[in-house]
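Below is one structure; the comments refer to it alone.
All values below were derived from every heavy atom in this structure, side-chain atoms included, with hydrogens, water molecules and symmetry-related copies excluded. Each chain gets a letter, A, B and so on, in the order its sequence line appears, and its residues count up from 1.
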2 protein chains.
Amino acid sequence: MAFIPDDTLLGLLAFRPQHGYQLLEIFRDPAELGCVWKLSVSQLYAVLKRLSAQGYITGEEMASANAPARVVYTIAPIGRERLYSWLHEPQPSASIRSVRVEFLSRLYIARLLNLPTIEIIRRQKLACRQERAARIHQRDTAPLGVSHLSLDLQVGQLDAILNWIDRCEMIPHDGEDL
Amino acid sequence: MAFIPDDTLLGLLAFRPQHGYQLLEIFRDPAELGCVWKLSVSQLYAVLKRLSAQGYITGEEMASANAPARVVYTIAPIGRERLYSWLHEPQPSASIRSVRVEFLSRLYIARLLNLPTIEIIRRQKLACRQERAARIHQRDTAPLGVSHLSLDLQVGQLDAILNWIDRCEMIPHDGEDL
DNA sequence: ATGGGGCTATTCTATCATGGAATAGTGTCA
DNA sequence: TGACACTATTCCATGATAGAATAGCCCCAT
């Protein structure tokens, strides 16, 4: 299963306890996770509820002087465990969508927490190379037609990823300016 | 709205009347639409029900000597209208996923029905070029960080599509061998 | 004051997608 | 005749998604 929103939210809460609306703004801001993928209002609160029910986070209602009541969530120890095993996933998916969404989310969270990203990138690169080899083999045995075209496109997309992925190491950490 | 499964199924039924299980095999076969995207059993029947309720197709139960009863669906005139307006969509989406799924489905259906594909390809290419220009502009004004990386990846993916898309014209029609 | 509009914060609802199991007929082979 | 595989469809539980609904708080004009 993927559950990218769940793991990403755990990462954001590992950075610091936050309430739903605060998290939402990170997904709305095109300079933050908003550029990677959109999380709808209802899904965000649904995921928080699920994580809470599963014991990965704990919520505490807090009254505020200048705003309606809010629920501040804090990551629990088993949430932290789950987060680290997600970040250090040994065999990340190499589907095009996963690279754009899950891998970039991992990078975002790792940077936020000031963790090293080299291993994350290395494993993703390896997975993409393996995927590319598999697709090339399929393409070269596929009959001409749409299936051949589709595999050809996928190889091209993986090549684009492999050309791009090394640039991911060269961006500074920015966990402090949130 | 997208509704790619609906439009694709209309295309398959425009080729010839078929029942659910027959359609399903086209999506299971990796040499046919199976390479483009998977349609689950339940979704296929759900879409057929929806199309039928909306009057785009009509179903007729048929008993068979060597198999359980089945429902054979036939495309209705307004279904055919809808199909053609989908095939000739003047402004196709240029998202990476749309190209891989919707554009290739259009191509598949156009080939199946022995319709010309040049215009479909031309419009898709144009849309991708516009999308590329927009993403480049966003990237070059984005702050360094994950958002910049994400846009950079998207530009690379669009370049890969533009390199690939001209090869789509050079594949023979194969509507006869189903 | 008061009532509208806008921001914060969350919930609710309806529809659709997804994967899997369940049902049920038909043919094959031992 | 019982096990198994294939055909054909339905059902169910869970999750995703968009949108409206609710509701407190603040500012500003009437």
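Checked against C:dT10, C:dT11, D:dG15, the side chain of A:R50 finds its nearest nucleotide in D:dG15.
Looking at residues 36-45 of chain B, you'll see B:S42, B:Q43 sit with a heavy atom under 4.0 Å from some atom of DNA chain C.
A straight line from CD of A:E60 to C1' of C:dT10 spans 17 Å, rounded to a whole angstrom. Look at NZ on A:K49: it is 17 Å from P on C:dA9, rounded to the nearest Å. One can place CD1 of A:I4 at 15 Å from P of D:dG15, the figure rounded to the nearest angstrom. Note: CZ (A:R97) to C1' (C:dA17) measures 13 Å, nearest angstrom. Remark: P of D:dA16 and CG of A:L48 are 13 Å apart, rounded to the nearest angstrom. The separation between A:E61 atom CD and C:dA9 atom P is 13 Å, rounded to whole Å. The CG atom of A:L24 sits 10 Å away from the C1' atom of C:dA9 (whole-angstrom rounding). Atom-to-atom, CD of B:Q18 to P of D:dT7 comes out at 15 Å; the value is rounded to the nearest Å.
The 12-atom threshold is exceeded at NE2 of B:H88, counting heavy atoms of other residues, nucleotides or ligands nearer than 6.0 Å.
Partners of B:R28 according to the salt bridge (charged side-chain N to carboxylate O under 4.0 Å, His left out) rule, which considers only residues two or more places apart in sequence or in another chain, do not exist here. Applying the salt bridge (charged side-chain N to carboxylate O under 4.0 Å, His left out) rule to A:R80 yields no partners; only residues at least two apart in sequence or on another chain are considered. For A:F27, the ring-ring contact (aromatic ring centres under 6.0 Å, His included) partners are A:W37, not counting sequence neighbours. Taking B:R100 as the reference, nothing meets the salt bridge (charged side-chain N to carboxylate O under 4.0 Å, His left out) condition, with sequence neighbours excluded.
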Would you please test B:D166 and B:K125 for side-chain contact (heavy atoms from CB on, under 4.5 Å) and show each step?
CA-CA 9 Å; B:D166 287 323; B:K125 203 196 305 192; 2.7 Å; yes

Between B:V99 and B:L158, does a side-chain contact (heavy atoms from CB on, under 4.5 Å) hold up when you go through it step by step?
CA-CA 10 Å; B:V99 174; B:L158 286 163; 5.9 Å; no

Could you walk me through whether A:Y108 and A:E32 pass the side-chain contact (heavy atoms from CB on, under 4.5 Å) check?
CA-CA 8 Å; A:Y108 182 94; A:E32 301 296 331; 2.5 Å; yes

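Counting heavy atoms from C-beta on, the side chains of A:R106 and A:E89 come closer than 4.5 Å.
Within 4.0 Å (heavy atoms only), B:A69 reaches sugar-phosphate atoms of the nucleic acid but no base atom.
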Close N/O contacts between protein and nucleotides 2-8 of chain C (under 3.5 Å):
unit_1: C:dT8; atom_1: OP2; unit_2: A:Y21; atom_2: OH; d: 3.4

